[in-house]
Amino acid sequence: MLQARVKLIVTGDDFGYCPRRNQGIVECFLAGAVSNVSLMVNGSAAPAAAQLARRHNIPIGLHANLSEGSPVCTALKKNSSLLNKDGFFHGKMGFRTVLAKGLLKMSEVKQELTAQVDLFRELTGHVPHHMDGHQHVHVLPEVRHVFAQVLEEYGIKYTRVPIELGLHSCAWIEPPLMDFYLGVEKDSLDTVDVFTRHGIRWADIYIGLSTMGKNMSVSNIQSAIDTAVAAFATKENSLTTQFSPQRQQGRTVTIELMVHPGYPTIPPVGGCGEGPDDFSQSWERLHELQTLMNPELQSYYKTRNIQLCAFKDL
């Protein structure tokens with residue numbers, strides 16, 4: 001069996017969404033429970049989040065947002081295909097519906113993504129270390145091509161490809177949510193070739209759908225990591241047997257664990273231009289924070305010799 005070293009990137013998403021999300025993510029980082037964050041530049045607390053990242057030396061990337069709130073590109077704030085009748089982004093499912101109908105202009109998608117990278121650079125002083133999509137919009141048809149172009153143009157090397165090993169056997173995920181996750185998985189599988197052609201990289205293993213919110217527990221995280229590493233090692237050993245024994249020497253497996261810790265948002269504060277959503281107000285944000293900071297999980301990382309790091313460390 002391949003004895004792989006494991007580097008774990010624990011990414012706190014939605015940094016900048018509201019002060020209470022910022023507070024929770026920073027506490028997790030300082031406690032060694034989160035090792036990487038992704039910033040929503042159209043979040044109401046994005047400037048404060050960027051200052052916190054600078055103050056605490058938190059590795060930070062861009063959580064590109066095309067589905068919630070308002071665009072940051074001034075030219076797209078009116079009469080854009082990205083907006084609904086109320087002048088906001090179409091929403092998680094609305095974005096997918098409008099895209100499927102062929103009503104989204106990819107030139108406007110690129111315009112907004114570019115504006116978000118530029119604003120990120122203005123807020124942080126550097127290009128994102130990594131860039132992914134809020135609500136996984138970056139792996140959707142058509143969007144994936146534009147997203148890859150933007151990453152290549154800015155020299156952003158890393159993204160997220162949300163294909164989770166073992167997802168199909170997670171019986172605790174409710175059917176409507178599982179349907180959405182399986183859609184994300186299909187889109188992600190179709191995206192691999194596109195990102196590869198543009199020289200974009202991502203972690204060997206992704207975890208985060210089966211462990212989100214109320215489904216997060218120390219045992220679920222441990223099980224997801226152990227299962228994924230074992231499956232990956234089996235695959236690598238198969239390749240080693242076929243090609244070269246040298247493959248297994250010094251092999252490091254990289255994992256990204258997507259998390260959303262924080263303190264629940266209290267309206268009307270927060271959001272991305274139209275107030276905070278139910279997800280941000282949920283008790284599940286605090287549940288994730290408490291789970292990630294559980295000493296039992298930290299002990300598991302040490303026992304398994306799992307090293308927490310960020311995309312910029314790869």
Side-chain angles (χ1 to χ4, degrees), residues 13-14 16-17 38-44 46 50 60-124 126-162 180 183-184 186-202 271-274 277:
D13 276 0
D14 304 342
Y17 193 88
S38 87
L39 176 69
M40 301 176 91
V41 291
N42 73 335
S44 63
I60 189 168
L62 175 59
H63 200 47
N65 183 5
L66 300 172
S67 55
E68 183 180 352
S70 304
V72 303
C73 178
T74 307
L76 298 176
K77 289 184 183 290
K78 290 183 180 178
N79 302 320
S80 162
S81 68
L82 298 177
L83 306 180
N84 62 21
K85 59 180 173 49
D86 298 318
F88 297 111
F89 287 141
H90 294 286
K92 180 169 85 170
M93 301 313 295
F95 184 91
R96 287 163 166 82
T97 300
V98 174
L99 175 66
K101 290 179 178 177
L103 299 175
L104 280 184
K105 293 180 183 173
M106 288 303 116
S107 60
E108 293 181 345
V109 168
K110 186 168 186 183
Q111 210 174 342
E112 177 60 19
L113 289 176
T114 299
Q116 291 192 18
V117 177
D118 289 343
L119 180 54
F120 179 98
R121 190 159 53 180
E122 187 181 312
L123 290 171
T124 66
H126 62 82
V127 169
H129 298 308
H130 60 95
M131 178 171 161
D132 54 48
H134 183 47
Q135 298 169 338
H136 312 294
V137 297
H138 66 301
V139 295
L140 289 171
E142 296 185 79
V143 177
R144 61 176 74 112
H145 295 278
V146 177
F147 189 84
Q149 288 168 15
V150 171
L151 264 64
E152 188 173 19
E153 286 168 12
Y154 281 91
I156 301 166
K157 298 292 184 191
Y158 286 96
T159 190
R160 169 186 295 161
V161 177
F180 176 72
V184 169
K186 181 186 183 304
D187 289 328
S188 298
L189 288 165
D190 292 340
T191 298
V192 167
D193 285 347
V194 177
F195 286 178
T196 301
R197 283 200 305 271
H198 286 268
I200 300 162
R201 301 169 66 189
W202 53 92
C272 301
E274 55 181 332
D277 64 3

Donor-acceptor pairs under 3.5 angstrom involving side-chain atoms of residues 192-200: please list them, not counting sequence neighbours.
| from | atom 1 | to | atom 2 | distance (Å) |
| --- | --- | --- | --- | --- |
| Thr196 | OG1 | Val192 | O | 2.7 |
| His198 | ND1 | Glu152 | OE1 | 2.6 |

Hey, could you give me the CG/CG distance between Asp13 and Leu39, rounded to the nearest 0.5 Å? 11.0 Å
So, the side chain of His138 versus the backbone of Gly133: is there a donor-acceptor pair under 3.5 Å, distance only? yes
Could you work out, with side chain to side chain donor-acceptor pair (under 3.5 Å) as the rule, every residue matching Ser80, not counting sequence neighbours? Glu108
Applying side chain to side chain contact (heavy atoms under 4.5 Å, CB included), name anything that partners Ser188, two or more places apart in sequence or on another chain. Val139, Val161, Pro162, Ile163, Val184
Would you indicate whether the side-chain heavy atoms of Glu153 and Val117 approach each other to under 4.5 Å? no
Using a 4.5 Å cut-off on heavy atoms from C-beta on, say whether the side chain of Val41 contacts that of His63. no
So how far is it from Ile156 CD1 to Leu62 CG, rounded to the nearest 0.5 Å? 7.0 Å
If a pair satisfies salt bridge (Lys or Arg N to Asp or Glu O under 4.0 Å) and one of its residues is in residues 126-142, list it, with sequence neighbours excluded. Asp132-Arg160
Partners of Thr114 by side chain to side chain contact (heavy atoms under 4.5 Å, CB included), sequence neighbours excluded? Lys110, Asp118, Val150, Tyr154
Without placing hydrogens or testing angles, list every side-chain donor-acceptor pair under 3.5 Å for residues 88-98, not counting sequence neighbours.
| from | atom 1 | to | atom 2 | distance (Å) |
| --- | --- | --- | --- | --- |
| His90 | NE2 | Ser81 | O | 2.8 |
| His90 | NE2 | Leu83 | O | 3.4 |
| Arg96 | NH1 | Lys92 | O | 2.9 |
| Arg96 | NH1 | Gln135 | O | 3.4 |
| Arg96 | NH2 | Gln135 | O | 2.7 |
| Thr97 | OG1 | Met93 | O | 3.0 |

Could you check whether any side-chain N or O of Ser44 sits under 3.5 Å from a backbone N or O of Gly16, counting only pairs where one atom can act as donor and the other as acceptor? no
Pairs touching residues 78-87 that satisfy salt bridge (Lys or Arg N to Asp or Glu O under 4.0 Å), sequence neighbours left out: none
Taken in chain and number order and not counting sequence neighbours, the residues that satisfy salt bridge (charged side-chain N to carboxylate O under 4.0 Å, His left out) with Lys77 are none
Taking the side chain from Asn42 and the backbone from Val72, do they hold a donor-acceptor pair closer than 3.5 Å? no
For the backbone of Met131 and the side chain of Thr159, can you confirm whether one donor and one acceptor N or O come within less than 3.5 Å of each other? yes
Where do Cys73 and Ala115 come nearest, in terms of heavy atoms and distance? CB-CB, 3.7 Å
Any residue meeting side chain to side chain donor-acceptor pair (under 3.5 Å) with Asp187, in chain and number order, not counting sequence neighbours: none
Asn65 backbone acceptor or donor facing Gln116 side chain under 3.5 Å: yes
Taking only residues two or more places apart in sequence or in another chain, which ones pass side chain to side chain contact (heavy atoms under 4.5 Å, CB included) with Ala100? none
Side-chain heavy atoms of Glu68 within contact of Tyr17, under 4.5 Å: yes
Within residues 96-120 or reaching into it, pairs that qualify as ring-ring contact (aromatic ring centres under 6.0 Å, His included) - sequence neighbours excluded: Phe120-His126
Sorted by chain and number, sequence neighbours left out, ring pair (Phe, Tyr, Trp, His ring centres under 6.0 Å) with His130 holds for Phe311
